[in-house]
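Reading through the structure tokens given below for one structure.
Naming convention: chains lettered A, B, ... in sequence-line order (proteins, then strands); numbering from 1 in each chain.
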Amino acid sequence: MFEKLIDNSMAKSPWIFHINAGSCNGCDIELVSVLTPRYDAERLGFRLTGTPRQADIVVVSGPITLQTRDRLVRTLAQVPEPRVVVSLGSCPRSGNVFKGSYAIDGPLEKYTHVDVSVGGCTPKPEAIIAALAKATEILKEKRKEMHK
Amino acid sequence: MLPYLKKAVTNLFKKPSTEAFPAGDPPKAAEGYRGRIHYDPTKCMNCGMCLRVCAPQCMHRDIEKLENGDQKVTFTFDMTSCTFCAMCADFCSSHAITMTDDYMIVGTKLEDFLVTGTMIKKAPPKPKFTPEQIAEMKAKAEAAKKAKAEAAQNG
Amino acid sequence: MMAVNYIGSFALIALGLYCMVAKHNLIKVIIGMGLVDYGTNLLIVSVGFNPGGTAPIFTIAELTRESFFVDPVPQALTLTSIVIGACMTAMSLSLVIKLREQYGTLDTRKIRRLNG
Amino acid sequence: MNVLLSSLFHVLIFPGLLFCVVMGVLLSGLDRIWVARMQRRVGPPLLQSWYDFLKCCGKETIVPRHAKKAVYFAAPVVGFAALISISLFLPIAGGKPAYSGTADLVVILYLLTLVSVCTIVGASASGSPFAGVGLSREMVAMISYELPFVLVILAVSRAILAPGDSLNNIFSLQAIADYQAANGPLITRWALIPAAIAMLFVIPCEVGMHPFDVAEAETEICEGTLAEYSGPPLAVFRLTHMVKMFIMTALFCVLFLGGITTGIAVLDVILFVLFCLILTFLTMSLPHGACARFKVEQVFKFYWTVVAGLAALSLILVWLGL
Amino acid sequence: MNTFLNNFPILAIMILFVGAFVTSLVGRRSALARNGVVLVSMTAALAMMLALVKPVLLDGQIITYWLGNWEPVEGWAFGICLEVDALSLFFGLIVTVAVFVSGVYSFTYMNHDDSLVNYYTLFLMLSGSVLGLVLSGDLFNIFVMVEIMTFTAVALTAFRNTYEGALEGALKYLVVGSLGSTSLLVGIAMLYSQLHTLNLAQISALIPGQGANPVIIAAFAFLFMGFATKAFLFPFQPLAADAHAVAPASISLMISGVLTKCGVYGIIRLCYVLYENLNQPLVQYLVTGFGAVSMFICVTMAFNQHNFKRLLAFHSISQVGYVITAVGLGSALGVSAGLYHAMNHTIFKGLLFLTAGAVQHQTGSLDLDSLGGLSKRMPRTTLLFLIGAASISGLPPFNGFASKWMIYQAAFQRGAATGNFFFLFVCIVALITSVLTLASFIKVAQSVFFGQLPEQYKEVKEVPLAMRIPMWILAVLCIVTGLFPTQVQNYLLLPATSAAFNAANYIDQAMGLGYAAAHGIATGGVAGLMVSDCWNPTSWLMLLFCITCAVAIVALLASPNDLKDAHISSCDEQAEVLDAKYESFFSGEESVYSQVGGSDLFWGFKHNWRKYFSYMHDWHSGIVNDYTLYGVVAIAFVLLACIILL
């Protein structure tokens, strides 16, 4: 009977867990700047958590280098069920300028279904906020299917 | 012990400096911001410079031969692979590629990120005469010139 | 005159304690324990001494009003205390023998695996 | 029968579950807003903590391989129950406490210890190395705030003890409430001012608020004690964290601001809530907005020297009969 | 009242000694016979003690039994008497219950060892001598029983002599133990020199007449230090640590649960019945001071131990420190709190030692740094350990809480009544020690039972049922005495405390009526004691009720039924699915074995106190001479203090 209530609150308090799969830290700084006073994602209930166990939205940044590949896969597996994967910037989706290099191992699509992507080599915080907002809707949809 | 106590308390009474983005429309990007690529197929002359100069090879060109020798060229720019360095825009001599200031490159499917444009590259105009005709015309011209020269001498 | 006994016993005890505290050889420590024990035995015996009293061995017939004995109870105590002292020494020596086998030395400064 | 009914009411509604949860959510929401405003940002909506709780309830619970399932699930619930039963001992808004045994303060002290122990045993049962580090830090934090907390309790119970008094129930909250009803809140006795200040410092460390939240430091040790928790157990742990804010501020009000009552029950409760809000701002939001997280041994050194000194000072003053 | 009941005390002691003798005879041939004899003698002694409960505790009678029927002649006691009043029966009960539990435990625990005949002979001798000490009413008889107790305890400590350090621990125990016995003997000799009698009742009648006779006061100092050695108080606590670390678990239970209680019994008998001088402030300071110092030092020492049993040993001394502090307060509530804590201590410390024994029996190691995650393989032992740890650290529903709460109450009350800072300081030290106890037991829980299971203990199995039964007996006792403090107070503690205060009745029973009055001993007594009813069943029900409604809410919110299975997904042991989902989060790394436990816990606390900890580490140097030196210095200090100030 609380299901509808829980679904709404799922969209209202999405917690972000950030995985840096070898990124140049441009996107990482942008993601963290989303929580600063200027852009303040906390208005929408976002909160950066330390463990995948407490994460709803997993934000991946950086081309999946060989070193981070199995760590990425292992961490993604440890996120509890209704979860959404957001790829930040161009690298996860296509490997950006590192495409074809020996050190990276393919787009993020190979490992999980990427729900929302943000283009831009360091996307602007507003773009990230828009993406995260879209991610919360998808989260809500997933939660609905989960208990239907 | 609490160095920023005064700052914290005074901030309490100031207006929060947060943008109202999700509420209002997204603020305009800075002037000259290298955002999403805009491709104007009409200006493009399929010289391929952008392809050569693009580091992440985010462009893809496929050429389709039409019956009258024209080429139907479609360019697809993959925004998720572009680094927005605007090299293509600089090298494009016909300024077909320009960088807009649209930074909202957000999407769920791949198609949201593709900028495509197709142009028909006219085949170069066929010479009106075939090479034999040209040879003929040349021979006629020389004959006429010779005839005029003899007329001038006779005259 | 009685003071000599008491001084003697406390001297013995003090000597024994010095031996237990200062000596680093286990055998000497056990000798110290023995000395302390003899000191206390001497103390208990001398507690029960009444000057001029005879040995408390008598038959009911000889028991008269003015027969004056030495107090027998401390002597009984001393007997048990001597027995206890003896088996204490015996047990500690057996422990020392086993320790010598295990640790290879009798120096207390080396037998200190249980510390901290 | 009405004893059962009234105890049901006490447990479930007024000083018990509902009141505590509502107050906890309110205080936690306000705290996050105040901290945001201090950083000149808008801050989350008021009921954000409630949404967090509901969302966690909706999530899947993954029990890791090294975890001990029984203790993993029991720890949050027992901790939460112990916390709620503390609220039964508190004479909220000057009224009679729902349940007053003889020496409530020691019982409250130990129930608070039980709550922290449940967090620690829960972390230990989840078997993750981060949780191991988290529980060791939580224990050090507990040791550090226990000394001043004890000194404050001794000072307060000595203060209300008139010389000729019967020495039987010394640590009882009822006696404290009566004393304050008779001659004004304890904070007005100047000998107890250092104890009140010490208590103000103890509250954030006990609750685990930002400057002293060495146990659940998200950045350094990945959520510390809650590293392996997800779903409903995590929801209960976060609810315990919220309700603890209310319980500790309520305890301060009961100990030091007891006597201020206006007679009308509803008005008293509102006054009580107002005190709790002010206290939350003073003790938890302000330090959170103003300074960064302490290191573990700094927390310990700070509490055992400065705060314990304050409490001991007031204990000595009270002991000399001032 | 020369009923058969009258000679139960001597019968109980004799049965145990005869049992020892018979086991050594019968034991050679068959193990079953040996175990049978041991079991019979233990249960007989326990039954007799329980039979005595009705007359002595409830009706307040005092049973005296003159050995060899040497009744006192015209007011002068010659014979040796056993005098069982409520106080000694209280301790007698603790002793027999602990003996029974430890005996049953050792049937299965010792099956790895050989030459069990000697073990059981010594074991029965130990229990017989301890029971004799508690029941006897004659001073020299107490000394003899103390000697037997020390010898058997030393022999049993060194029972597993191949074990590393066993002989060393036994030798140190013997050497410093002999120091304590000698001081006891010197005290008795001094007393005898002045009073010419050894009967406790008569001594307590004659002492007030002596007034400030220096020899009597010196005797008090020696006797106090003798009993303090047996209770392993402050300067003697390294002995206990060494002895426990190496002794088998059932013997550690005996040493910590029973031997220390005999030291406590001796001190109570000495201060309350013989000298009745605990109303003088100096003696209160002395006894409470000793208790507080040993309480604090032992808990901090226990804080960074690496051996499970050595940690438990230090804790048992710190809990005995609690008891001595409570007893030293001199108030009725203090003594009853002390007795209550003594009983609780034997129960939960016994339980903890048995769990330590179970861990050693299954994994073979006791090192806190190398164990871990045993809760997966030994779930019931973990539950028992948690019960023991919860009660020793004084968490509400368990028995530690009730007795510790009474100790704080008594200390604070004493402080408030007399108005001096010493008792307040003691109360604060007591509260801080209780937190540190909780800290070190959380350390043990994390490094032994929870956390990750190392490779070599993968196949560890649960302890056989025969070993768990005694543990369950103690666990149930833990919970029962914790839940009903009022009943325990009225039936057990009140008679024992009034017996301690009412020396006159003790004297009259032994020496004939009117003897006490003739020597001007006021008939003290104890009015009804205010008791910690704050934790009676109704509040316990309240907490249970809160738990159920909390669980209901979470279950309701979280999981509609179809989501149930998908919702709580935990990996079952059999299908060791190596899916990373159930690995613990290692920030992405392969989850290697990385147990956070043992000595690297509580870094913040240890870092701040590192100078203190390193000093204390060196203080326990392990050299026999140092320990003897500490003992001698302590005896000298107490002697001087008594003579000058008393």
Residue pair [X] / [Y], side-chain heavy-atom distance below 4.5 Å:
X: E164(E); Y: Q102(C); result: no
X: I13(C); Y: T182(E); result: no
X: L77(C); Y: L185(E); result: no
X: M20(C); Y: V624(E); result: no
X: L95(C); Y: N161(E); result: no

By a 4.5 Å heavy-atom criterion (distance strictly below it), what part of [X] contacts chain E: side chain, backbone, both, or neither?
X: M33(C); result: side chain
X: T80(C); result: side chain
X: V36(C); result: both
X: Y18(C); result: neither
X: L17(C); result: side chain

- Task: Report the C-alpha distance between K172(E) and I111(C) in whole Å, list the side-chain angles of each, state the deciding distance to 0.1 Å, and finish with yes or no for side chain to side chain contact (heavy atoms under 4.5 Å, CB included).
- Result: CA-CA 10 Å; K172(E) 278 183 221 159; I111(C) 303 176; 5.8 Å; no

Between [options], who has the most heavy-atom pairs with chain C when the cutoff is under 4.5 Å?
options: L171(E), I148(E), T628(E); result: L171(E)
options: G177(E), S193(E), S621(E), S181(E); result: S621(E)
options: L179(E), D618(E), N304(E), V175(E); result: V175(E)

- Does any N or O in the side chain of N625(E) come within less than 3.5 Å of the main-chain N or O of K23(C), such that one atom is a donor and the other an acceptor? yes

- Query: Does E168(E) reach the main-chain N or O of L99(C) with its side chain, forming a donor-acceptor pair under 3.5 Å?
  - Reply: no

Need one label for [X]: side chain, backbone, both or neither, based on atoms under 4.5 Å from any heavy atom in chain C.
X: A155(E); result: both
X: M616(E); result: neither
X: H196(E); result: side chain
X: F143(E); result: side chain
X: A170(E); result: both

Rounded distance [0.5 Å steps], [atom1] in [X] versus [atom2] in [Y]:
X: R100(C); Y: L167(E); atom1: CZ; atom2: CG; value: 14.0 Å
X: I623(E); Y: H24(C); atom1: CD1; atom2: NE2; value: 7.0 Å
X: E147(E); Y: C87(C); atom1: CD; atom2: SG; value: 7.5 Å

- Message: Take a 6.0 Å sphere around CZ of F637(E) and say whether it holds more than 12 heavy atoms from other residues, nucleotides or ligands.
- Response: no

- Message: If you count heavy atoms of other groups shown closer than 6.0 angstrom to CZ of F17(E), is the number above 12?
- Response: yes

- Message: Pair F151(E), I84(C) - check side chain to side chain contact (heavy atoms under 4.5 Å, CB included), show working.
- Response: CA-CA 10 Å; F151(E) 284 147; I84(C) 290 170; 4.1 Å; yes

- Item | chain E contacts, top residue of V96(C), L26(C), V47(C) (heavy-atom pairs, under 4.5 Å) | V47(C)

- Evaluate side chain to side chain contact (heavy atoms under 4.5 Å, CB included) for Y192(E) paired with D71(C), printing each intermediate quantity in order. CA-CA 11 Å; Y192(E) 187 79; D71(C) 187 347; 2.5 Å; yes

- Report the C-alpha separation of V186(E) and I44(C) in whole Å, then their side-chain angles, then the decisive distance to 0.1 Å, and conclude whether the side chain to side chain contact (heavy atoms under 4.5 Å, CB included) test is met. CA-CA 8 Å; V186(E) 166; I44(C) 300 174; over 6 Å; no

- Task: Kindly give the heavy-atom pair with the smallest separation between M88(C) and S178(E), and that separation in Å.
- Result: SD-CB, 3.0 Å

